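Quick caveat: nothing in here was measured; it's all calculated off a predicted structure. Computed from heavy atoms alone, side chains included, the values below leave out hydrogens, waters and symmetry copies.
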Amino acid sequence: MAGVSKCLKYSMFAFNFLFWLCGCVILGVSIWVRVSKSVQQELNIDGGSLLSAVDLMIAVGAIIMVLGFFGCCGAIRESRCLLLLFFIGLFLILALQITAGVLGAVYKPKIEAQLNQTFYKLLPLSGQDESFKTSFENIQKESQCCGLVNGYTDWGANIPASCICPTTSRTNNCIYFAGKNYYKETCLGVISDFFKNHLVIIIGIAFGLAAVEIFGLVFSMILYCQIGKK
């Protein structure tokens, strides 16, 4: 134990144990959602893109678990090899986050243009498969919106009942067409407004994750150096 701070050693172990627990929770919940048809129906996870997001969370949970295991074992066993693996893995994750943030800011106009092209390819919405239409109609009911890009015209001639405002009078959120009031706001607009309104929270979470990762990097390297001086 000479040359190695017990406080640093057990603090590093506690940090990585929590890190490992987070990975277990993410992995467990993601697998549960992935294999449970009832949960998928309750959460309206019917489309392939949403299931791909669940698969991504399974991968993220597994990576966090492995890194947490390396960190815990490296700290408690004073293994420079495991601590180095933990440091490299955490550093790569932080580097990917920073790279994604920079690229997202630089290529934001191109990304938005590409997304719009993707959305337009889904039109008319009435031509999509039944599972997609059912999920999208649920979103329209819950968010009081209609269509994806242009409003009710995105459905073509088959405008669903979920687009109809629950009132016969014209309101600021409704538009009158063919004897009926339809929601004026598009669902894409609702999603965009949600992210804009919660941008501060999203940025705060991003900085919080970065701070935790930097904390882990610094303390793992300090412990790595102390073990080397034994």
Side-chain angles (χ1 to χ4, degrees), residues 14-72 86 89-90 92-101 103-104 111 114-115 118-119 121-122 125-149 154 160-163 186-213 216:
F15 168 81
N16 283 288
F17 182 72
L18 292 174
F19 200 63
W20 178 80
L21 279 180
C22 288
C24 290
V25 171
I26 294 172
L27 181 62
V29 171
S30 300
I31 292 176
W32 176 50
V33 172
R34 189 66 176 85
V35 300
S36 175
K37 297 297 181 183
S38 60
V39 173
Q40 291 176 20
Q41 291 175 357
E42 187 175 342
L43 297 176
N44 295 321
I45 302 177
D46 298 321
S49 59
L50 292 176
L51 287 177
S52 296
V54 175
D55 292 337
L56 177 62
M57 291 306 298
I58 292 175
V60 169
I63 291 170
I64 291 175
M65 271 189 64
V66 171
L67 287 178
F69 175 78
F70 285 161
C72 283
F86 170 79
L90 202 58
L92 289 174
I93 291 175
L94 182 61
L96 286 172
Q97 286 179 216
I98 294 172
T99 303
L103 291 176
I111 293 172
Q114 186 63 44
L115 284 175
T118 303
F119 292 144
K121 288 179 181 178
L122 296 173
L125 295 173
S126 57
Q128 298 298 317
D129 58 73
E130 289 302 319
S131 63
F132 177 89
K133 288 191 288 185
T134 301
S135 298
F136 198 82
E137 286 189 49
N138 289 333
I139 292 172
Q140 290 184 152
K141 289 178 184 177
E142 294 171 4
S143 304
Q144 296 187 341
C145 57
C146 181
L148 188 60
V149 181
D154 291 346
S162 57
C163 278
T186 65
C187 294
L188 181 59
V190 170
I191 296 170
S192 298
D193 289 341
F194 175 83
F195 280 105
K196 287 177 183 176
N197 294 334
H198 295 80
L199 186 60
V200 175
I201 297 175
I202 294 170
I203 293 173
I205 292 173
F207 274 106
L209 287 173
V212 169
E213 288 163 357

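Rounding to the nearest 0.5 angstrom, the gap separating the CG atom in L90 from the CD1 atom in I63 is 12.0 Å. To the nearest 0.5 angstrom, I64 atom CD1 is 10.0 Å from L27 atom CG. For the atom pair SG (C145) and CZ (F136), the distance works out to 6.0 Å, reported to the nearest 0.5 Å. C187 contributes atom SG, which lies 11.0 Å from atom CD of Q144 (distance to the nearest 0.5 angstrom). Taking CD1 from I31 and CG from D55, the interatomic distance works out to 10.5 Å, rounded to the nearest 0.5 Å.
Pairing of C146 with C163 by a disulfide is supported, the SG atoms lying closer than 2.5 Å.
Residues passing the side-chain hydrogen bond (donor to acceptor under 3.5 Å, both in side chains) test with D154 are N150, sequence neighbours excluded.
The two residues L148 and L188 come nearest to each other via the heavy atoms O-CB, 2.9 Å. Among all heavy-atom pairs drawn from M57 and I26, the shortest one is O-CG2, 3.5 Å. Between S30 and I58, the shortest heavy-atom contact is CB-CG1, 3.4 Å. Among all heavy-atom pairs drawn from Q140 and P160, the shortest one is NE2-CG, 3.9 Å. Closest approach of F15 and F86 over heavy atoms only: CE2-CZ, 4.1 Å. Taking both residues in full, the closest heavy atoms of L67 and G89 are given as CD2-CA, 3.7 Å, listed atom of the first, atom of the second, then distance.
Under the 4.5 Å side-chain criterion, counting only non-hydrogen atoms from C-beta, L125 is not in contact with K133. Side-chain contact check for L21 versus F17: some heavy-atom pair is nearer than 4.5 Å. Residues V190 and I139 have side chains not in contact (no heavy-atom distance under 4.5 Å, counting atoms from C-beta outward).
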